[in-house]
Every structure is written in structure tokens, then in C-alpha cells.
Amino acid sequence: MSSSSSSSSPSCPKKMITLKSSDGETFEIEEIAALQSKTLESMIDENCASTPVPLPNITGKILAKVVEYCTKHAEVGADAESLRAWDAEFVSVDHPTLFDYILAANFLEIPTLLNLACQSVADMVKGKTPDEIHKIFNIKSTFTPEEEEELRRENQWAFD
Amino acid sequence: MAETTVHGAVRRESSGDDRRNRAKRNRTLPPLSPGDLITAMPDAVIHHIFSFLPLKDVVKTSALSKRWHSAWTTTAHLVFDDVLPCNPDDTYSPDFPSLVDSVLIRCTSPTVKRFHITNFEYDEALHPKLDLWLRFAEERRVEDLRLCLHQPKVHYKLPRFLYCLSRLVRLEVRGCCFSLGTAVRWPCLKVLSIRYAEMSDDILEGIVRGSPVLESLELHNCRSIKNIVIDSTSVKELILDNGWLSNFEKIWAPHLLSLRVLGVWRLHSVFRLDDVSSLVEAELDFSVSGDGIGHDLLKELLEKLCGVSTITIGGWCLQVLSTLEMEGVSSPLSKCQNLILRTPVGQCELLGIAYILRSSQCLEKLVIHLTRSCVSKLKLDEESIQRFNFHEDLLCSRKGNFQCLAKHLKSVEIIDFACGFESKHLLALIKFLVGDALALEKMIIKANLRAQHVQKLVRVADICQLHGVSRNVLSYRRASQNAEVIFDYPLEEVSFEKHLRKILNSKRG
């Protein structure tokens, strides 16, 4: 298999910033990878990122993965196809984790991760009947059968 | 979803509904069932997920639960596609205009980012209705508008208000006509695609003038444009696709960076590139019907494009270059550094490749995207076919002329090898390049096994053949000591099967 050659680091160390999860874990991330988050980017611009950045609504487990995602996507010279495959692996997780990714990407404003995770959810919904969607996402239907019948009639073209 | 939306929706619902719903207004909604994570997502996220779904699926969410009942009405992406219904036994299939009306009347989002109407079977009687739909889009400050009419007998005349859309960023129209008289004002428009439209030089000029940040312009079968004059510095890309009805005469665009000429053309005369002095990238992937025109056009284009550093050439054009090579036409020298070919590599293309290699004296990178046989093959007579019938040494006999091989060619990529590895001409080309490129650093061969034709390759015979060919390629004599030949798929039998199985499983799962 082809090997990718990584450039050796120059004499000056890479700039890192520290992130702190809701459960107190700290994570280091290269500044260049952190720039993928618009939230972190504006913090870096305004010099607020020198002390650990508290992220009270992201747990350590999820933050670790988000750091992994940003670091991978900041790599130079990765070819598009292998990155796509890596992305597909990244979102093959259980639903709670997937939704946590979405919330984290939404909060940190990481458009690539948000698109990736939302597309993943959309793929689960596409072409399914409401009953199937109920099962996949544990949604409880609160309609009576008559209400549901009326609903389907309202937009029948969508339900055929 | 956030409480405000749910309450707001309930209020809107009950205003027109029966007593039953009005009574519910004051009742608190039932709690979410545990594990129902999607309903708890913020509105912005739900909308984002909607933007990846076809409209049908978005509307279906109304039946999920009371909280979801009106979520779809706030979607900002409205994509209406007038395709034939797949179920002919449908007892209730509303006609397309009624369907669009019924959705638009429910939409409450103040901004509709995307508004698409495609494949629309339009006739004159629907003119006022289409005007109304576009009014809706205009009022909701649309950013991405697409209006594609399916072979209309009479083109739809775009209403005046459409010429002044302050938020429009992308516009695609097909089967419409523009008119002079209203000044175009599209201050945010970046991407414009005009297909099968009645146009004129003045209208085009007015459009470019009224779109100060326009970056990409695509003209697809536009009649009545003779001169394409773009003096705007913002337009970076011009795409000319399908000129079945066109009769261009010249292109004048001194600030243009990228030019693409694609599709099928029928020309009576060659069009000229009067000024494209800033071009860095050009793509010539077209075919021309009409005797001899193709040759003259290609000669003219290559001459004017000699300063462009990245050039892409398609299969039909390459075949024309093969005939030029046979006729002994001298190739204009070019400064091309990156050459991309989208073509099969067979008998009719090899000489064309020789032609272009000879003219590109500074070539550093060559990429070949292997495709299946060209759709519009050059019409060759018996004599020409005889002349094309040659053996491997033909390339070698011309090799003295390939300057780029002596000094510059560093990288070669062959993409979609699985699509063409049986061609002896392709193998001859690879052997030639590896054996004569003195500065070669890397030759990367990608098989693109994840694509559709993975299923076909699974036959054991095919795997063995691909292996055999790949191992052969590795054994070719190399002119450059540093040259690496890299395959992006494993070459050992065992790991290859595992690799394929992994791909097939991921496709199934």
C-alpha cells in the first residue's frame, strides 16, 4: 500500500491549545486543527485561548473524538478518497454518540463535522416510513389513529 | 425541539382548525420518550438535517409525533422535482402545480435558502402560476434558485422582479428567456448557469455588469450569443457546455482564470479566443459534428492556450490530436505543467498523447483518468484505421522529441486502472513513461475499487489478471533511479481478497 510521507517538524514547537470537558478532562489540540472550529478560531483571534477553554456541554468522551476529527482533517496531503473512508468510519457509531457529535459540532461551529453527522442522520431517515423512523429513533407517536389518518391525507403525495 | 417553536406551531395550527385542537392548546405536551434524542435537537440542527433530505421525506416527518407535526413547515430548503410518479396505480397523485401550491401555502420560514423547481412540464397556461411561485421565492429572500423547465414549447419569460434579487447567490435557469429593459441587479450572485435560453450579446453584458461578485458563469446551449465579452475582474470561471444550437464567434475575457469547453457542438465555423491572457486552467472535453471543424477548432484553441499551466483534455479531442499527429502537423509549444486526460487509452488515443507530450516541454505532472470508450468516436475511414494499427515501438520511435521526459516529468497518476488494465496500449504507455522519464519520482496507479464496478471485479479471473498485470508493471525497466511505482491496492492474493471483502461488506452494511 502507498505510504504517505509526513514532513519532519521544524525547530519551533507546534502551538497547542487546551480544551476542558464538562467532566474535568483536559485535551491538547494543535492550534491549526482548532481553527476548523469557528468558535475556537474567534477565541484564538481574540487571545482568549491561552488558558484551558472550558466546554461545559461536551463530555470528555466526545471531546476526545472531536479533537481526533479536527486533527485528522487538518493533515496536509491526505487524499480525498481515504479521508472519505475515514469519515465514514468516524460516524459508524451508536445514535447517542452521533447526536453528541452533532451537538458538539453545532456548539463549536465545525461545519464539516456538522455536515458529516447530519448527513448520516438524514441517510437513516431517507425513504423510510414514519413507523420505521419511530423505531430507529425511539420516537413515541402521540397521535391517535384518526389523527394520523387525517395527517396522511393532508399531504398524501408525500406518503405514497 | 425548542419550546418556542412547538408553542408557536400549536398556536398557528389551532387558528384554522376545529374545536378539538383549540382545546389542546392549553394542555402541556407529553414528555419525550427516553432515548428519543432526535426530537430534543435544537431547531437549527433539525433544519440542517432537513437540508439533506428530499422534500417528500421532510414532509413525512409531520406524522412522527405532535412535536414534529409542523417542524417541516419551517424548512428553508424547498426542492420540487416534477418527475413521473413511480407508482402508476396511485389513486391520489396530485398534479405538480397543486403539490407545489399546497407546500408553499404551509411554509412559514421567513427565509427560504434554496428554492428549486426542476423538470417542470411547463406550458403557457402555467405562466401566472410560475410567476407566483417565483414571487414567493423573492419575498423569502432566496439564496439558491433553480428553475429548470422541461423542453418547453415556448420559453418562459422571466418576470421583472427576478432581475433584482438582493440575496441571490446561485442561479440556474433552463428554458427561460431574458429581456432587455430591466437592469439586472444581483449584488451577491456568485454562480450563474444559463441553459437553453434565448439570449443576446447585450443581455449577457448586462448580466455580467449587474453581478459584481460573479465568479462562475456557465452557458449551456444558448442561441444568439455571438460574442462573449467579460471584462469583469470577479469572473474566474467560464463553462461552455453543449453548443448544439450555438454560434459563438469570439471570447474576450482577459481576467478569466479557468475556461471549460464541454459537451457536443455543432459548428459552422471555428470560434476564436481573442483574449484569455490570464488563464491558468483550461479544459477541452468536447466533440464537434461537422467535417474538419473539429481539427481547425482544436488547433486554434491549443495555439491560444499555449501559456496555460493546467490543461485537461477529453477523449474525442485526443483522437483529433491523433489524426493531427498522423498528418505530421507540428504541435504548438506550450507551457503546460499539469496535464490531465479523461480518456480510455486505446489505439486511437495513443498518438494524440504523443502529440501533446511533445508540445508540453515543461510538463511536470501527468494524470490519466481512464474512462470507458468515448461516446462520440471520431469517424475514421479504413485507411486511417490501418495507419493507426501499430505496435509498441511507435512511441519509442518518437521519443527523441519528448523534452519533458528528459528533464521535467516528475509525477504520473493513472486513475481507475481497473477500468482499463486490459488495454495493451495503456500498458505500452506506462512502460514507455517509466522507461524514459529521467526525472520521474512517482507513478501512482489507483484502481478505485470502491466504485460501482467493484462488483464486476470480484470474479477470481479478474483479480488474478489485475494482479498479473500489476506485477508486470512493477518489473518494467526504470529510467530514473528514484522512481517509485505505487499501487493503492494490495498486491498479495490473500490481502487483496480481504481488501475486497472489506469493501463489499461496507457497501452492504
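In the text below, chain A, chain B and the rest are named by the order of the sequence lines, each starting its count at 1. All figures in this text were calculated on a predicted structure; none of them were measured in a lab.
- Counted within 6.0 Å of CZ on Arg114(B), heavy atoms from surrounding residues, nucleotides or ligands total more than 12; the atom is thus considered enclosed.
- Proximity of Phe159(A) to Lys56(B): side-chain heavy atoms (C-beta onward) are nowhere separated by under 4.5 Å.
- Residue Leu104(B) qualifies as enclosed at atom CG: its count of foreign heavy atoms under 6.0 Å is above 12.
- Environment of NZ in Lys15(A): sparse, with no more than 12 heavy atoms of neighbouring residues, nucleotides or ligands closer than 6.0 Å.
- At least one side-chain heavy atom of Trp72(B) sits less than 4.5 Å from a side-chain heavy atom of Asn155(A).
- Per-residue heavy-atom pair counts under 4.5 Å with chain B were compared for Gln119(A), Lys128(A), Glu148(A), and the maximum is reached by Gln119(A).
- Interface with chain B: from residues 95-109 of chain A, residues His95(A), Pro96(A), Phe99(A), Ile102(A), Leu103(A), Asn106(A) qualify, criterion being any non-hydrogen pair under 4.5 Å.
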Pair Lys60(B)-Glu132(A), salt bridge (charged side-chain N to carboxylate O under 4.0 Å, His left out): steps then yes or no: CA-CA 12 Å; Lys60(B) 257 194 252 181; Glu132(A) 289 168 329; over 6 Å; no
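- Separating the CG atom in Asp36(B) from the NZ atom in Lys140(A) is a distance of 10.5 Å, to the nearest 0.5 Å.
- In this structure, His134(A) NE2 and Ser65(B) OG are separated by 6.5 Å, a value rounded to the nearest 0.5 Å.
- At least one side-chain heavy atom of Leu151(A) sits under 4.5 Å from a side-chain heavy atom of His69(B).
- With a 4.5 Å cut-off on non-hydrogen atoms, Ser62(B) touches chain A through its backbone and its side chain both.
- When atom types are taken as modelled, the side chain of His48(B) and the backbone of Cys118(A) share no donor-acceptor pair closer than 3.5 angstrom.
- Contact of Asn115(A) with chain B is made through backbone and side chain together, with heavy-atom distances under 4.5 Å.
- Listed here is the closest heavy atom pair of Ala158(A) and Val59(B): CB-CG1, 3.7 Å.
- Atom-to-atom distance recorded for Ile139(A):CD1 and Trp68(B):CH2 is 5.5 Å, nearest 0.5 angstrom.
- Side-chain contact check for Trp157(A) versus Leu55(B): some heavy-atom pair is nearer than 4.5 Å.
- Rounding to the nearest 0.5 angstrom, the gap separating the CD1 atom in Ile38(B) from the CE atom in Met124(A) is 8.5 Å.
- Although no hydrogens or angles enter the test, the distance criterion places a donor-acceptor pair under 3.5 Å between the side chain of Thr142(A) and the main chain of Lys66(B).
- Distance alone, capped at 3.5 Å, is enough to place a donor-acceptor pair between the Asp57(B) side chain and the Gly127(A) backbone.
- For the set Val103(B), Thr61(B), Leu37(B), the entry with the most heavy-atom pairs within less than 4.5 Å of chain A is Leu37(B).
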